[in-house]
Number of protein chains: 2
Amino acid sequence: MVATRWSSGGQAGQPPQQSGSDVTMEFKHQPTVTLAEVAEAAGVGESTVSRVLRNHGSFSAKTRERVMAAVERLGYVPNRIAGTLASTGSRLVAFVIPSLSNIVFPDVLRGASAVLEENRYQAVFSVTDYDPGKEEALAAAMLAWRPAAVMLAGYEHTEGTVKMLRASGCRIVELLDLDGDALDIAVGFSNRAAGRESAAFLLKRGYRRIGYVGHDLNRDTRAGKRFSSFCETLDAHDAPLVAREILPGASSVENGRLGLKRLLARTSDLDAVYFSNDDMALGGYFHCLAEGIAIPSKLAIFGYNGLDIGRAIPQPLSTIRTPRVATGQIAAQLVVANAPPQAVDLGFELIEGATA
Amino acid sequence: MVATRWSSGGQAGQPPQQSGSDVTMEFKHQPTVTLAEVAEAAGVGESTVSRVLRNHGSFSAKTRERVMAAVERLGYVPNRIAGTLASTGSRLVAFVIPSLSNIVFPDVLRGASAVLEENRYQAVFSVTDYDPGKEEALAAAMLAWRPAAVMLAGYEHTEGTVKMLRASGCRIVELLDLDGDALDIAVGFSNRAAGRESAAFLLKRGYRRIGYVGHDLNRDTRAGKRFSSFCETLDAHDAPLVAREILPGASSVENGRLGLKRLLARTSDLDAVYFSNDDMALGGYFHCLAEGIAIPSKLAIFGYNGLDIGRAIPQPLSTIRTPRVATGQIAAQLVVANAPPQAVDLGFELIEGATA
DNA sequence: CACCAAATTGGTAGCGCTGCCAAAAAAACC
DNA sequence: GGTTTTTTTGGCAGCGCTACCAATTTGGTG
């Protein structure tokens with residue numbers, strides 16, 4: 001462990017010089033400028049200031065300038081807490097997502113936040129760790145902020161969550177899954193179709209002895225859907241899954257590597273392996289690389305997600321590219337536009353890389 | 001492009017059956033249960049309900065049950081907008097981060113959100129795209145929510161941002177950088193030290209003809225700090241940087257690969273390359289793999305961040321592991337505890353992998 | 001049983017803003 | 001100039017909750 005040295009003025013680990021009297025643990029909030037004070041400073045009524053700042057209703061150019069000058073002079077920052085309480089409908093959008101480690105969700109957030117920011121909406125989030133109970137608790141906490149919409153992953157929610165969301169009257173957006181009935185709005189693609197197409201592709205390429213390496217499917221139900229459709233398709237073509245290796249915990253490159261190693265130790269004559277996602281598949285790829293297993297002649301590898309890194313490895317990964325950012329964008333657009341209930345299928349793209 | 005088929009009841013692309021009268025674009029908000037209604041239903045005063053729900057102040061066990069029963073029966077969800085307005089100090093924490101593509105920031109959010117959720121705080125975020133002007137605008141928008149704290153990346157902010165934050169009276173947390181003076185709280189490590197240690201390590205290993213492949217440094221100032229310290233250290237040891245390749249845009253595996261390719265095309269006799277981060281370094285690694293360039297004998301590679309994937313490739317990546325999740329955790333803990341101003345150095349760890 | 005302390009409870013004034021309405025000012029018209 | 005129309009403006013009642021204070025009840029005690 002190489003410790004860093006803190007290189008600015010003071011001694012390492014010491015607080016930097018601060019403005020004097022902050023010795024106590026308690027931090028005093030300085031009095032804030034209110035709209036009423038701006039109104040008085042500008043010599044106009046409160047509602048006039050409100051109208052000018054929201055650019056809503058009518059006011060003269062002269063008034064506008066007086067108000068803006070006062071705002072500037074006093075350093076007024078509107079209080080959206082108060083504003084939201086007074087008006088109907090907030091501009092908060094709540095995200096209740098399973099994880100931030102799985103790049104899928106940051107990607108969705110990225111797409112959504114760009115659209116939301118443009119429309120002066122504010123994104124709020126919390127992380128469930130794929131735990132439906134936690135999802136319920138966090139969704140309840142979110143509803144307390146009276147958001148314009150709640151965005152969740154997929155269709156699997158507790159009864160309590162569904163009941164609560166329905167009763168809330170706010171928009172409900174279910175993301176990244178279309179295999180089921182949407183509560184209100186759904187944006188994504190069919191995981192079952194993805195599993196099916198993956199299997200069909202491998203079969204078409206002539207692979208018959210196919211294995212699977214995946215992470216905890218009980219938690220990640222979308223991966224579970226892909227897997228079951230994958231197996232069904234194999235069964236329908238008389239090439240049932242030969243072996244599987246399921247690792248507990250989250251997906252990761254390391255788990256993919258470990259999973260493939262274990263799978264091959266048990267079952268030597270596989271000709272292709274389907275992974276629960278690209279992280280896992282990359283782990284498998286690296287295992288083959290390290291062990292000198294020729295890809296795809298000796299063993300084919302197929303992933304899911306279409307991460308950028310999959311295209312940069314020596315042999316581009318065969319996988320399915322999912323529209324993660326677009327899912328976030330479309331979801332946000334529908335919320336902003338207050339669109340009617342609907343399910344939007346964004347599809348996916350099968351990438352015929354060099355690993356299968 | 002393989003289109004998915006939406007497999008549930010209706011036709012693909014059609015909205016699923018909904019509860020009847022949602023034909024209009026406008027969505028009606030149903031009347032919400034208020035605390036006053038709960039109070040009446042429970043036959044107690046409003047303040048009693050408030051005390052019970054917040055578990056604050058005193059009330060009898062019997063009262064508590066009556067209130068909880070009413071809450072249950074009516075499906076009451078407290079309104080935190082109103083609660084926050086009425087009380088002093090909110091439980092919102094605002095994150096103004098440069099990006100969600102760079103895994104660094106999701107990692108920080110992950111660490112922070114776990115701690116915040118435990119303490120019933122709520123995380124809000126927006127994304128600046130490494131644009132200081134946008135940071136200022138978004139910080140202003142954040143302050144309108146009167147958060148308990150604003151968390152930002154690093155020390156480089158516009159004058160306007162600093163002035164505004166200072167005036168806001170809320171806690172300011174600067175993350176992932178310690179090379180400069182903190183406004184209030186800072187949590188992270190020294191990027192300059194990281195650059196220095198990286199150079200020292202390569203020199204110690206005997207590399208003398210060293211190059212650099214990086215992404216847009218004007219935007220990612222922390223990468224810029226690492227690079228300049230790296231160069232200074234090389235200079236101090238009479239082994240100045242031989243060549244550099246800076247790619248516009250964000251860091252990515254593909255850019256790393258492309259960057260190394262270009263660098264080697266221009267300068268053939270390098271013996272080591274320092275990358276702006278692990279994504280870029282992995283790209284470089286893959287380039288060598290594809291081109292048959294022996295690592296590290298022919299060319300050494302050194303990264304930054306210590307991503308998990310770097311440990312799963314055939315030759316573990318030599319890099320510096322940064323405490324990203326811990327940075328988020330500590331930052332959140334300090335905010336929750338309302339700690340005094342301070343700079344917390346979490347250090348970093350140099351990983352002697354197999355690529356340098 | 002009177003009396004005092006402690007525990008419990010309810011009333012109510014805001015928190016800072018928006019939405020509504022009526023008043024005032026400006027513009028348009030005869 | 002008088003009148004109608006239009007634009008601009010200010011006043012004020014909430015939004016749903018918490019904080020404070022006073023009122024009430026409870027539990028001892030002498």
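Chain naming here is simple, since letters A, B, ... match the order of the sequence lines and numbering starts at 1 in each.
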Return the set of residues passing side-chain hydrogen bond (donor to acceptor under 3.5 Å, both in side chains) with A/Asp107 (not counting sequence neighbours), or none when no residue passes.
-> A/Arg110, A/Arg324

Would you please name every residue forming a side chain to side chain contact (heavy atoms under 4.5 Å, CB included) with A/Ala141, sequence neighbours left out?
-> none

Pair A/Asp177 + A/Arg222, salt bridge at N-O below 4.0 Å = no

Can you give one letter per nucleotide of nucleotides 7-18 of chain C, 5' to 3': B if a protein heavy atom sits under 4.0 Å from the base, S if only from the sugar-phosphate, - if neither?
-> -BBBB--BBBBS

For A/Asp131, salt bridge (Lys or Arg N to Asp or Glu O under 4.0 Å) partners two or more places apart | none

According to the salt bridge (charged side-chain N to carboxylate O under 4.0 Å, His left out) rule, which pairs have a member within residues 50-73 of chain B, sequence neighbours left out?
-> none

Side-chain donor-acceptor pairs under 3.5 Å in residues 330-337 of chain A, sequence neighbours left out?
none

Distance-only check: which donor-acceptor pairs under 3.5 Å involve side-chain atoms of residues 157-164 of chain B, not counting sequence neighbours?
from     : atom 1 : to       : atom 2 : distance (Å)
B/His157 : ND1    : B/Glu135 : OE1    : 2.8
B/His157 : NE2    : B/Gly154 : O      : 2.8
B/His157 : NE2    : B/Glu174 : OE2    : 3.0
B/Thr158 : OG1    : B/Glu136 : OE1    : 2.6
B/Thr158 : OG1    : B/Thr161 : N      : 3.0
B/Thr158 : OG1    : B/Thr161 : OG1    : 2.6

Using a 3.5 Å cut-off and no angle test, enumerate the donor-acceptor pairs between side-chain atoms of residues 116-126 of chain A and protein atoms at least two apart in sequence or in another chain.
from     : atom 1 : to       : atom 2 : distance (Å)
A/Glu117 : OE2    : B/Val127 : N      : 2.8
A/Asn119 : ND2    : A/Val115 : O      : 2.8
A/Gln122 : NE2    : B/Phe125 : O      : 3.1

Terminal axes of the helix from C/dC1-D/dG30 to C/dC30-D/dG1 (5 end pairs apiece), angle rounded to 10 degrees, sit apart by 40°

Between which nucleotides of DNA chain D, read 5' to 3', does contact with chain B run, using atoms under 4.0 Å from its heavy atoms?
-> D/dG16 to D/dA19

Those residues at least two apart in sequence (or on a different chain) that pass salt bridge (Lys or Arg N to Asp or Glu O under 4.0 Å) with A/Glu46 are none

Only counting residues at least two apart or in another chain, list the ones meeting side-chain hydrogen bond (donor to acceptor under 3.5 Å, both in side chains) with B/Thr34.
-> B/Glu37

